[in-house]
Protein chains: 2
Amino acid sequence: MTSDVRGRVGSSGASVRHRVVSAEEGPLQGGSTEPVKGTLYRKVAADLREAIAAGAYGSGGRLPAEAELAERYGVSRGTIRQALGALRADGLVTSRRGTRRVVLGTTPVQSFAELVSFTSWARSLGEEPGGRVERVERRPADPRECEKLRLDPGAEVVLVLRVRTLSGRAVMVERSVYPLWIGELVARIPADAVSHTELLQEQGVVFADADHTIDLTAADADDARLLGCEPGDALLRERRRSTDPGGTPVEWSEDRYLPGTVAFTVHNSLATSALARRHRRPPRAEGA
Amino acid sequence: MTSDVRGRVGSSGASVRHRVVSAEEGPLQGGSTEPVKGTLYRKVAADLREAIAAGAYGSGGRLPAEAELAERYGVSRGTIRQALGALRADGLVTSRRGTRRVVLGTTPVQSFAELVSFTSWARSLGEEPGGRVERVERRPADPRECEKLRLDPGAEVVLVLRVRTLSGRAVMVERSVYPLWIGELVARIPADAVSHTELLQEQGVVFADADHTIDLTAADADDARLLGCEPGDALLRERRRSTDPGGTPVEWSEDRYLPGTVAFTVHNSLATSALARRHRRPPRAEGA
DNA sequence: TAGTGGTCTAGACCACGAT
DNA sequence: TCGTGGTCTAGACCACTAT
């Protein structure tokens, strides 16, 4: 019961996709795409992802046992488990005691960068990203900004308001607030630069974690003018706080999308639940 | 069932919250709340979560080194790393080589159940969940439903349309589609039952993984009538496909929320990126 | 009962950050 | 340089699923 592999891909067979990536072999890696960075388990994970995407196990099919994978790749079971853990977090496979892992879907997963940076997201779609800075302000942070950026009351921030375009079409208005030490870098960025995030990263600012809140809001005068809709129209809103690897907040942004241009997708499971549904108290205002 | 953890945390101080949970000590566990299920690393994780929520390390503060935690709890470093991995996935702490972990936030994390079940979510908020079944249909699945539920073309499904209320206020319209084997269970549920999900779980249906897509849509006639808004008004939409531990789809649901009643939050990081932003092609209709 | 993934241990070495 | 987390190994035992 070794080689089962249900959807055999090509005559070469699925087993070919499984390479031994031992240290002696050097930077070898499997597949026709980019070499994968350093660690063993990442290489294994990349190879498995590729095999799954190629349909080697079918949708709903079962993966080989951990022990078998360990032998195939010539690594320990622990390393295989690390690789499979990554696939599970991406929602590609299930896992439960007693049974082999099952392929859940073949959806390619976006990188973290594609989430934090509009530009790299657009590029990954083959769209031409664009942006126009509408306003830059330096001013004292309001209380919410202080909390989000973990600043002392009265500290100053830099606010940047931009329209973002996809192949020329305005789809989003972005209001980003930066702490001063980042804001000063941002202020030096040319007005016609496409990606602020990428330029910041070139200057050593690392985005490592982000919290996103997604809901709906009404367009204000700026939004309406920049997106070509009416004030009061509903927009899909994403508010995002990003931090660097040390946990220091580097950006607090509110992005408002024209309806129909974007959707957010999340995978979660019993083991990993990073998504939450948040209640918002009814306005419960006066008598209206 | 229970759940969580938050609540008061005595004045006993942080060091006390770290308990040795060695095997000899039996089912002991730390904290003033519910005992945590079986495994060691879950107990350790629960204890650390509690300590963080109590502010034992402050927001932005640093956790003890892995080696020290291992000694305190009397477990191996691997087990500590498993526990810390869970906290990292929840967005509670960062981690990077060379430095101790940093506390990112103290936001309590929702369980998976609170995401898949409106009822258990509402209860966790202290709100009174309610629902009224508006329509139940058994009919052939359309192509999209076949794909989502992984059914053969022409297979039948059960559709349930319900209004969901929070303390009496209608906030959401839910359209759930079930494969027949589940739908038959659903059809036997009394019309006034509050939670379909919980009843299904009592009958052995396990929800283990879910994919969520969040965007914006316009209210149709049903929505408008049930939510008390106008047709065409914007609603926050969540579409969700849930699967059981074997990877078999058990539910495909579309939930439409009145604006201002709910927001979705997600945490992701360089290591774990379960959130994605999805493009929707412009209608690119006729000549407009 | 046999096979599978889940948990846990004990140790090793390395890459990185702070000092 | 030293402490820290990241990776990897080799083995053990257990809980669960399928047969």
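Here is how names work: the chains are called A, B, and so on, in the same order as the sequence lines, proteins then strands, and each is numbered from 1. In this text, all values refer to a predicted model and were calculated from it rather than measured experimentally.
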(message) Each nucleotide in nucleotides 1-9 of chain D should get exactly one letter: B, S or -. Can you fill that in based on protein heavy atoms under 4.0 Å?
(response) --BBBBBSB
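- A208(A) is linked by a side chain to side chain contact (heavy atoms under 4.5 Å, CB included) to P245(A), L270(B), counting only residues two or more places apart in sequence or in another chain.
- Applying the side chain to side chain contact (heavy atoms under 4.5 Å, CB included) rule to V102(A) yields the partners R62(A), T94(A); only residues at least two apart in sequence or on another chain are considered.
- Within the structure, salt bridge (Lys or Arg N to Asp or Glu O under 4.0 Å) contacts touching residues 76-94 of chain B (residues at least two apart or in different chains) are R49(B)-D90(B), E66(B)-R77(B), E66(B)-R81(B).
- F118(A) meets the ring pair (Phe, Tyr, Trp, His ring centres under 6.0 Å) test with W121(A); sequence neighbours excluded.
- For L149(B), the side chain to side chain contact (heavy atoms under 4.5 Å, CB included) criterion is met by L151(B), V157(B), V177(B), P179(B), P249(B), W252(B), not counting sequence neighbours.
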